[in-house]
Novice: 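Below is a structure I'd like to ask you about.
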Amino acid sequence: MRLDFWRHWSVRARLLAITVTPLAYMFCTFVWYAYQSRLSEVREEMAERGPLVAKVLADSSEFSLLTHRYDDLKPTINGLLRADASIYRIDVLDAQRRELLHAAARAPGEPDARYYEAPVLKRLVFVTMLAADGKPYLKDKAASASSVAVETMGYVRVTMSPSALLVKQTRRFYVELLVASFGLLACALLAWQLSKGLNTSLQSSMRALREADAEKRRLIRKVNTAVEDERKSIALEIHDELNATLIAARLEAQRIVDVSETGEVRERAQSIIKLALGLYNSGRTLVRRLRPEVLDMLGLDGAIEEMVRHYDGAHAGCRFVFHADGDYARLPGEIGISAYRIVQEALSNVVKHARATQVTVALSLDAAGLRMRIADNGAGFDPALASTGIGIVGMRERVAAFDGRIDIDTAVGAGTRIAISIPIGAGV
């Protein structure tokens with residue numbers, strides 16, 4: 001049985017469970033205690049009544065046993081059986097415990113495992129007689145003997161039946177159970193009404209939070225889109241204006257070199273050509289960082305593969321490996337550029353901080369969405385100390401903007417593994 005079965009419950013169901021579970025436990029405890037108390041009362045009543053009935057009947061049976069008139073006991077025994085439904089059977093035994101007389105109740109019932117016995121005693125009373133001289137006549141009794149002699153003539157055995165007592169106690173138990181059930185029902189109804197009000201309030205708060213969260217994601221997407229648009233605009237300005245100007249400057253300098261003789265002017269013109277070419281290459285690199293053209297031409301998998309190949313060639317001490325699976329032509333552009341920026345930030349962190357020798361980037365796209373995994377065997381870090389870094393925060397915000405999930409598994413000295421999943425429908 002799963003212990004997290006309650007996770008699919010509604011808020012109201014959870015509130016009811018929190019409220020009603022202690023009440024149900026108390027109700028069950030009370031019912032069990034009341035039931036055990038009634039059984040205990042039955043046992044105590046039988047233990048008290050059985051010896052008393054046996055003693056009273058034994059005291060009243062002395063003459064009948066002495067005169068062997070056992071039939072005289074039957075009316076008394078039958079009267080007791082009719083008067084007390086808890087008596088199951090009465091047996092009259094002789095001194096050797098042989099049965100002389102027995103009677104059983106006609107009412108149905110089960111006998112108790114125990115029985116209660118009381119001895120029937122014969123008491124001989126010696127009467128002191130005076131002789132003619134006024135002194136006690138002691139012919140038949142020694143002077144030191146007691147004036148009363150006791151002898152056991154037989155036994156009265158009483159077997160009780162708990163059935164009648166249980167019926168009486170059961171009625172009381174049902175009354176207590178009914179009262180407790182009404183109390184539990186009243187508490188449950190009260191909890192239902194309270195949970196209804198709390199559930200309405202919580203649902204309103206949760207709807208407000210979900211709307212705020214959705215608004216936040218929309219805002220993040222708009223901000224990221226605005227940033228990317230601005231980067232694209234800057235990249236176009238650099239490409240169309242600055243780089244074109246640098247090309248023109250280089251061509252003018254090359255013309256000066258062509259028409260100049262050897263000397264300082266020619267050398268300065270060649271220096272201008274070198275500076276213009278360097279600035280042009282820097283401009284192209286800046287343009288690629290601001291707006292990767294390869295993303296538009298090759299798609300996300302091709303752009304990230306080109307990025308990984310660049311890192312692999314630029315860092316001889318670290319091996320960068322790339323794997324991709326899926327058709328990325330249907331991937332929305334917003335998700336594509338965000339995924340590219342996430343991988344870019346992750347690889348930048350690896351190069352700056354990880355000191356890794358092996359880095360793996362894996363992409364997978366299917367009906368469930370886009371999944372990315374960036375893993376390295378570097379130094380790792382303490383998530384509690386580094387979770388507030390700008391790079392990680394930016395990655396989390398980009399993933400959250402599309403209702404995705406990011407998991408960072410790392411520890412000091414154990415490398416870092418970043419797993420990201422983005423629903424493909426979130427960006428459509």
Novice: To the nearest 0.5 Å, what is the distance between OH (Tyr115) and CG (Asp91)?
Specialist: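 Here the rounded value is 10.0 Å.
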Novice: Please determine whether the number of non-hydrogen atoms from other residues, nucleotides or ligands lying under 6.0 Å from atom CD of Gln36 exceeds 12.
Specialist: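 Yes, CD of Gln36 has more than 12 neighbouring heavy atoms, counting only those of other groups under 6.0 Å.
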Novice: How about Lys168: does its NZ atom have over 12 heavy atoms from other parts shown lying under 6.0 Å from it?
Specialist: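 Counting neighbours around NZ of Lys168, more than 12 heavy atoms of other residues, nucleotides or ligands fall under 6.0 Å, so yes.
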Novice: Can you find a pair of side-chain heavy atoms, one from Thr416 and one from Phe381, that are under 4.5 Å apart?
Specialist: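 Contact flag for Thr416/Phe381 side chains = yes.
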Novice: Does a side-chain N-to-carboxylate-O contact under 4.0 Å join Arg69 and Asp71?
Specialist: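 Answer for the salt bridge query: no.
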Novice: Out of curiosity, Gln254 CD to Leu277 CG, how far, rounded to the nearest 0.5 Å?
Specialist: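 Output value for this atom pair is 11.0 Å.
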Novice: For residues Val399 and Arg405, report the shortest heavy-atom separation together with the two atoms involved.
Specialist: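 Smallest interatomic distance, heavy atoms only, reads CG1-N, 3.3 Å.
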Novice: When rounded to the nearest 0.5 angstrom, what is the spacing between CD in Gln169 and OG in Ser40?
Specialist: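 Here the rounded value is 9.5 Å.
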Novice: Please work out whether the ring planes of Tyr35 and Phe173 are parallel, tilted or perpendicular, with thresholds of 30° and 60°.
Specialist: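 Rings of Tyr35 and Phe173: perpendicular, over 60°.
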Novice: For Thr360 and Arg373, does a side-chain donor sit closer than 3.5 Å to a side-chain acceptor?
Specialist: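 No, no side-chain donor-acceptor contact under 3.5 Å.
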Novice: How far does CG of Leu166 sit from CG of Leu39, to the nearest 0.5 angstrom?
Specialist: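 The CG atom of Leu166 sits 6.5 Å away from the CG atom of Leu39.
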Novice: Assess whether a salt bridge exists between Arg417 and Asp376, defined as any Lys/Arg side-chain N lying under 4.0 Å from an Asp/Glu carboxylate O.
Specialist: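 Not counted as a salt bridge, because no side-chain N and carboxylate O are separated by less than 4.0 Å.
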Novice: Decide if atom OH of Tyr70 counts as having more than 12 heavy atoms of other residues, nucleotides or ligands within a radius under 6.0 Å.
Specialist: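 Yes, OH of Tyr70 has more than 12 neighbouring heavy atoms, counting only those of other groups under 6.0 Å.
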Novice: Identify whether the distance between the nearest side-chain nitrogen and carboxylate oxygen of Arg97 and Glu117 falls below 4.0 Å.
Specialist: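 A salt bridge links Arg97 with Glu117.
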Novice: Salt-bridged, Arg255 to Glu252, with N to O below 4.0 Å?
Specialist: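 So Arg255 pairs with Glu252 through a salt bridge.
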Novice: Identify the two heavy atoms, one from Pro423 and one from Ile335, that lie closest to each other, and give their separation to 0.1 Å.
Specialist: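 Closest heavy-atom pair between Pro423 and Ile335: O-CD1, 4.0 Å.
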Novice: Please state whether the rings of His315 and Tyr311 are parallel, tilted or perpendicular, taking 30° and 60° as the class boundaries.
Specialist: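 Taking Tyr311 first and then His315, their aromatic rings lie parallel (interplane angle under 30°).
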Novice: Using a strict 4.0 Å threshold on nitrogen-to-oxygen distance, state whether Glu305 and Arg309 make a salt bridge.
Specialist: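 Answer for the salt bridge query: yes.
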Novice: Could you give the distance from CG (Asn78) to CD1 (Ile90), rounded to the nearest 0.5 Å?
Specialist: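 Taking CG in Asn78 and CD1 in Ile90, the distance rounds to 8.5 Å.
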Novice: Specify the closest pair of heavy atoms between Ser86 and Leu165, including all atoms of both residues, with the distance to one decimal.
Specialist: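 Ser86 and Leu165 have their closest heavy atoms at CB-CG, 3.9 Å.
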Novice: Any Lys/Arg nitrogen of Glu176 or Arg172 sitting under 4.0 Å from an Asp/Glu carboxylate oxygen of the other?
Specialist: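 Here Glu176 does not pair with Arg172 in a salt bridge, since their nearest N and O are not under 4.0 Å apart.
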Novice: Do Asp366 and Asp325 have side chains that approach each other closer than 4.5 Å (heavy atoms only, starting at C-beta)?
Specialist: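 Contact flag for Asp366/Asp325 side chains = no.
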Novice: Given Arg207 and Glu211, is the salt bridge (Lys or Arg N to Asp or Glu O under 4.0 Å) satisfied, shown in steps?
Specialist: CA-CA 6 Å; Arg207 281 194 298 270; Glu211 291 174 0; 5.8 Å; no
Novice: Answer yes or no: is there a side-chain heavy-atom contact under 4.5 Å between Val31 and Leu177?
Specialist: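 When only atoms from C-beta onward are counted, Leu177 and Val31 do touch, with a gap below 4.5 Å.
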Novice: How long is the straight-line distance from OH of Tyr328 back to CD1 of Ile304, given to the nearest 0.5 Å?
Specialist: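 Interatomic distance, Ile304 CD1 to Tyr328 OH, rounded to 0.5 Å: 7.5 Å.
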Novice: Please give me the minimum heavy-atom distance between Thr159 and Asp112, naming the atom from each residue.
Specialist: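 Of all heavy-atom pairs spanning Thr159 and Asp112, the closest is CG2-O, 4.0 Å.
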Novice: Identify the heavy atoms of Val20 and Ala191 that sit nearest to each other, and give their distance.
Specialist: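 Nearest heavy atoms, Val20 then Ala191: CG2-CB, 4.3 Å.
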Novice: Indicate the atoms forming the closest heavy-atom contact of Val156 with Ser61, along with that distance.
Specialist: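 Taking Val156 first and Ser61 second, the nearest heavy atoms are CG2-OG, 4.3 Å.
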Novice: Going by side-chain contact (heavy atoms from CB on, under 4.5 Å), Glu45 matches just one of Glu48, Arg43, Arg49, Glu41. Which one?
Specialist: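 Option passing the side-chain contact (heavy atoms from CB on, under 4.5 Å) with Glu45: Arg49.
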Novice: Would you say Arg157 and Leu93 make side-chain contact, with heavy atoms under 4.5 Å?
Specialist: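 With C-beta onward as the side chain, the pair touches.
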